[in-house]
Each structure stands twice: as C-alpha cells, then as structure tokens.
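Chain letters run A, B, ... following the sequence lines, proteins first and then strands; every chain starts at 1. In what follows, every heavy atom counts, from backbone to side chain, and hydrogens, waters and symmetry copies are set aside.
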Protein chains: 2
Amino acid sequence: MAGIKDVAQEAGVSVSTVSYVLSGKRSISAKTTDKVMAAVERLGYTPDASARKMRGMRNHIFALSAPIRGDINQAKYNAYFLQTAWQAKNRGYDVLLLTGEDAVADIRRVTQSNLVDGVVLLDIEEHDERTAQAGSYSKPCVAIGYPAEHEGCACVDIDFATAGRMAVDCLYSKGHRSAMFLRDNETDCDRGSGYVLLFRKALLERAEELGMTIHESFKHRDDRFDAVEFVRELCSLDERPTAIVNQANANVLKLVLQQLQASGLRVPDDISVLSCGTYFEGELMPQPITEMPVMPQELCSKAVDLLVDAIDERRDIKGLVELSAPVMHSRGSVTKVGDV
Amino acid sequence: MAGIKDVAQEAGVSVSTVSYVLSGKRSISAKTTDKVMAAVERLGYTPDASARKMRGMRNHIFALSAPIRGDINQAKYNAYFLQTAWQAKNRGYDVLLLTGEDAVADIRRVTQSNLVDGVVLLDIEEHDERTAQAGSYSKPCVAIGYPAEHEGCACVDIDFATAGRMAVDCLYSKGHRSAMFLRDNETDCDRGSGYVLLFRKALLERAEELGMTIHESFKHRDDRFDAVEFVRELCSLDERPTAIVNQANANVLKLVLQQLQASGLRVPDDISVLSCGTYFEGELMPQPITEMPVMPQELCSKAVDLLVDAIDERRDIKGLVELSAPVMHSRGSVTKVGDV
DNA sequence: TTGTAAGCGTTATCAT
DNA sequence: ATGATAACGCTTACAA
C-alpha cells in the first residue's frame, strides 16, 4: 500500500506538502499541486483511516445499535437500518452495525476505543438499559424512540401521545362512539415498547374524556393471531363497534381485513379502519387503509442530523427530546357514521 | 480518555508491561498483573482502535455491501443483514454497512483506507460490477450470490440449477405433467438476479428433457401482481396445470393462494404448490407450503467463515465457489396426481 | 521479569 | 510557497 511518503518521493516534494495539497489547508503553487495529484493518481494513494484519526481527526463512523432479541420479528427495522445508513452517508458518515445481545457492552467497546464518533439507538424499550447508561458513553448518542430514562442522550420519536388523542378525535368527530383496539401479539407490550404504551394510554384516556368506548382484544393462539376469533368478538359485542384502531403489523391487519370481508363486513361502509404507528408504504393491502404511519425516513434523518451536529459542532444534546407531530394519511377507510 | 501511559503511571510500571499484561504475549509476575489490571479497572482503560491498527494489527471490521436500488423492496435482505452481523460477531468482527448507490466507490474507499479488513457482498446481480471489480480490491471479498464474473472474490450460494431440476423431478415423480411457473414482478429478472435466471433455465431444461410442460406467466398491472388474472389463466389452459412452482415473494403467493381458494381450487387436492428460493419461516401463510428455501443463516455463516479465514489465515479465496445443496421442506402442499 | 525506544502514517507546528 | 519534524497511542524488538 502506497503511503504519503511514497507519494512525496514520487512527486519530488515533502510529505507535508502532499498533506497540504490534499487537505487544501494552505496555498500551494499550481505546478506542485499538479505534480502531487499526478503522483497520487499514479500510486492509487488513499490516506490511511487510522493514522488520520490518530491526529485527532474524526473517524466519520457511527454505531447503529439494534440488538437481536430472539422473540421479535426484526423485519420492521429494515427501513430504519437503510434510512439511517442513507442519511449518514449524506452527511459523510459510515455506519457500524451492532446487533449483539449485550448492547451496552458493544456500545462501550466501540465508543471507548474511539472506533466510532457517535451512537444511534434503535428499537427502544420503555426501560432501556442502553439509554439509561448513555450518560457514561464517551460519545454523543441519539435514540430513535422515547424511553423513560433518557438523560444521557437525545431522543427522536413520533409524538404517540398526541397520536392516540388524534385517533380518538378523528373517530369521535365522525360519529363513532365505540371502537376495537387491535394490537400485535403481546410480546411488544410485555417488553414495554414505549410507543405502544404511550399510544394506548393516550387513546384510552382521551376516549374516557369524550365518553367513547374502546374494546381491547387479544386473540392469539400459539403465538399466532386469530382473526376469526377477533371478528367473532367484534360482532358479538352489545353495541357493535363501528371502527377498528389498528396498531398491529401488516400481516395481522391483512388477516383481519380478509376475515371482515368473509363475514360480510365492508370497509368502510360497515366498519371503519384506522391504523396507527404502522408503515404500509409498499405493502400489498387488500384495500387502502387510512393511517398515521411511523416515519422512518423523517426520524432517521432527524437523528442523524442531531448526531452529526453533536459530533462536528460539539453541541451538547444530552436530554434533548424531539417529538414529531403525527400525520394522518387519509386513504378512505374511515367514514362517518350515524346522523353526524 | 485514559491512555496506556496513564495506566502505566497509575500501576507504577512501564507502558510495555501494561501492553504485555493485556496481550498476554509474555509472562508477567502475578503481582504486576494484579497492579496493572487494577489500574486498568480504575481508569476504565480501553485501547485505542486506531493506534492498535497502526501497528499492523487487524481492524476486526468488515464491510457489508447492500446498495439501495430504488425499485427493489429491500425487506428481504434484513435476514441477511442480521445473520451476517451475528456471525461476524461470533468471529470477533464488527460490520460496516455500505448502502451507497455507487457501491464500488464505497468499497474502494473503505478497503484502500484500511478501514475494513474484508468485504461481504449482498444482493448480487448476474452481471455485478462489485464482483467484476473484486480482483482490484486490496482486501478479501466474499459474495453471497453467484454472478457471472467472480474471479476476484469467493462466492457462496444455493445451487439453484440443481434446485430447478429438483423442482421438476419432484413434481414429475408425483405424476405432474404440466405446471405454472409463478414469479415475482419482472424487475428482478430485468436486473438479472443470477439465481432467478439459473433456476428458470434449469427448470425449463429439465422439464423439456422429461416432456413436462411449464407455463410461464406474468400478470402484473401497475407494478402490482394480479392474482385474479393469474388464476383465470391457470384455469383457462387446455390441459389445466396440476401444480404451481412459485418463486415469488410471500405477499404474491398469499394473493394466489387466496384467489385459488376463492375459485374453489383446494391445495393440494386440486392443485399442488411448490415454492423455491423463498423464505417463509415465520410468515403467516394461509396454509403450510412445501418449500426449497433460501438459507440466510447458512449462507451468511459460510460467507463469514470464508472471509475470516482469508483475513486471519491469509488464505487466498479468489475465484472460490461454494454452492449449498437445496433442501426440500415438505409441508404437504405437493401431492400425487393421476394414476401414479 | 521488566524497561527503553523505534516506528506505524498521518497532521500540525515550526522554521526557512 | 515549501520543508523538517514532533506528536498521536500503541506494539514489539532489543536491552537489562
């Protein structure tokens, strides 16, 4: 591998001249510049990343922590991986993927050894060890999610409390007085994903305020969702709910939509469907579903911007919380009901 | 940040002693070891990754190239990301994610600057610039896939040619003489994903040999698969095919299965379904489907092993090709037909 | 068993 | 406008 010394020799100049030509940090004569660039070209010289960083320069790498937890289907994080990597590249950073089970240990290892300049946290739980320890990391840290303990890092998330209220308000204003709340299997809740809890709390509270009824239902058999049972319960309720608020994934919702059709219930004529905190972009739904989606692109973009700011501008982002307003994408699956 | 000098001072020994205690490369008295370890603990010392690598040591990072191509649904690569990261960690390596559109440029950048010790290539096309250029990378490289040009790197893949023949043999031996070939929308084919081409070629050739009829069908409207039209065509054929060979993704197959049911065709009584090169583990299929799956775990494991071997043992893996035998997972969706 | 010092490839501070 | 050189934090050959 050709080093800066080889280039200097090839060009007949000193190493510092080569360095300055490449960095542009001082004025160099056109002739010298040409000689050096030619030599660089000829030798295929690329500066060594480690040596460069030894001089106190940035590494231009940050860690992306997405611990693999056996029970969870991780497919939904793919969009976050790609968006983070993409945004990082836009800002001149590479992404080091950390998927080990002991996430805190991994983060400590890569931050303390100066392998990375910062950390992005994915798949945040309500009580997340990674954010709880963030204050002790030697590099800035941004969480995509909104955990209870977040003094040591910045947080970026959708405002799920508002989303919960918006969901109720949307339905209530269209005359709905009773709705089913459809969630994924309980794993996520047990783990305590913050957004699920927040959304549910706000949903129930706002419904209470307005005097709207929310039926919670968990129909899972052998870890699989039972759509037939769900629809059966829906139909058997005294005052049949006129809407479904969905927070489950695409597969579960598809099963429900199918079963509704099989039961002769048309969407939205017989029942409205509103999906929240989901991401059906590109998913093949039987019909378009009105949605307040999560926004991987927006969240990742914000997170990366914040982190790069903290790194490059030495900005202190500890404890910062940025919640994005939920956005309602009307796709016709929610309609008015009654005499409203 | 505490450095090795601080530790040496704190422990009252020389820097080299600290280094040797940590590396275990020479025998140190128990007393000294204790003193040093205590100091390391007290100061929370972690060696600097760059400085370490400057001394010719490995970086213990490799690049994972998965270029974002606008038209493709990247969700299917998630399993490969995670498996690669997981296997890498088992072998003591971290993974740097490269998703830039100009993949070759990214790879050159990280290999030439010694940021990574090796490269793993994902989502390989039949004619892939990344493998075509692999010979000129300054680090070893493994492709998960089997492209035309692969002199400069190692390749790890399922043996899709054999899979194609196995699919035909399986159906033929059960009395099937005519089948529909169901593929994803044509994007993958146009791009020329190697495995799709290989599988199709072998499938058609073997069918020809045995005198079996394969109907190819592309029913896509507005970039969406039209299951209704597909089943209509299936039923309208003179000698109605008794089997479907599927290579499309879970969503497309689900639509077809649904439509078959709607048309009164039962699987496998009225029509057999065999899926190849897919990965339905954990997907919610209406019913279990006999499958020759792709095997992310096995492929990634092999790829990582190969790469780590090349890095740590300086083994030359250029041009190496390792094809895994396809495995048939019988799940009851293929049955005998006629008087066999 | 332990210490001293050279050197890895850069960048930045001097000097010229 | 350019060159010589110290320094970054570590590993290891050589000395004691």
So what does [X] hit on the nucleic acid, given a heavy-atom distance under 4.0 Å: a base, only sugar-phosphate, or nothing?
X	result
Gly3(B)	sugar-phosphate
Ser23(B)	nothing
Lys53(B)	nothing
Thr32(A)	sugar-phosphate
Ser19(B)	base

Exercise. Of Asp312(B), Asp305(B), Asp117(B), which is the lone residue that meets salt bridge (charged side-chain N to carboxylate O under 4.0 Å, His left out) with Arg91(B)?
Worked result: Asp305(B)
Could you give the [atom1]-to-[atom2] distance, from [X] to [N], as a whole number of Å?
X	N	atom1	atom2	value
Met57(B)	dC10(D)	CE	C1'	10 Å
Ile4(A)	dG7(C)	CD1	C1'	16 Å
Lys25(A)	dG3(D)	NZ	C1'	19 Å
Met54(B)	dG7(C)	CE	P	13 Å
Asp48(B)	dA7(D)	CG	P	18 Å
Lys5(A)	dA4(D)	NZ	P	13 Å
Asn114(A)	dT10(C)	CG	C1'	16 Å
Gln112(B)	dG9(C)	CD	C1'	15 Å

Ignoring hydrogens and geometry beyond distance, is a side-chain donor-acceptor pair present between [X] and [Y] at under 3.5 Å?
X	Y	result
Thr32(B)	Ser29(B)	yes
Ser65(B)	Arg130(B)	yes
Lys302(A)	Ser324(A)	yes

For this session: For Ala51(B) and for Tyr20(B), locate the closest nucleotide of DNA chain C by heavy-atom distance; then report the residue assigned to the nucleotide nearer the 5' terminus.
Result: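 Mapping each residue to its closest nucleotide by heavy atoms, the 5'-most match is Tyr20(B).
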For this session: Return no unless some side-chain N or O of Ser14(B) is found under 4.0 Å from OP1 or OP2 of dT2(C).
Result: no
For this session: Ignoring the backbone of Val15(A), work out which of dG3(C), dT5(D), dA5(C) is nearest its side chain.
Result: dT5(D)
Exercise. Nearest to the side chain of Ser29(A), which nucleotide is it out of dT2(D), dT12(D), dT1(C)?
Worked result: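 Within the option list, the nearest is dT2(D).
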For this session: Enter the inter-axis angle for the ends of the helix from dT1(C)-dA16(D) to dT16(C)-dA1(D) (five pairs per end, rounded to 10°).
Result: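 Terminal axis comparison yields 40°.
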Problem set entry | Check: Gly92(A) main-chain N/O paired with His60(A) side-chain donor or acceptor under 3.5 Å | yes
Problem set entry | Inter-residue atom distance Ser50(A).OG - Arg52(B).CZ, 0.5 Å rounding | 12.0 Å
Exercise. Measuring from Arg108(A):CZ to Asp106(A):CG, what's the distance to the nearest 0.5 Å?
Worked result: 11.5 Å
Exercise. Below 3.5 Å, does any donor atom in the side chain of Ser16(A) face an acceptor in the base of dA4(D), or the other way round?
Worked result: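 Indeed, a donor on one side and an acceptor on the other fall under 3.5 Å apart.
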Exercise. Considering all heavy atoms of both residues, which atom of Tyr80(B) and which atom of Ile144(B) are nearest to each other, and what is their separation?
Worked result: CE2-CG2, 4.2 Å
Problem set entry | 5' priority, DNA chain D, between Arg26(B) and Arg52(B) [closest heavy atom] | Arg52(B)
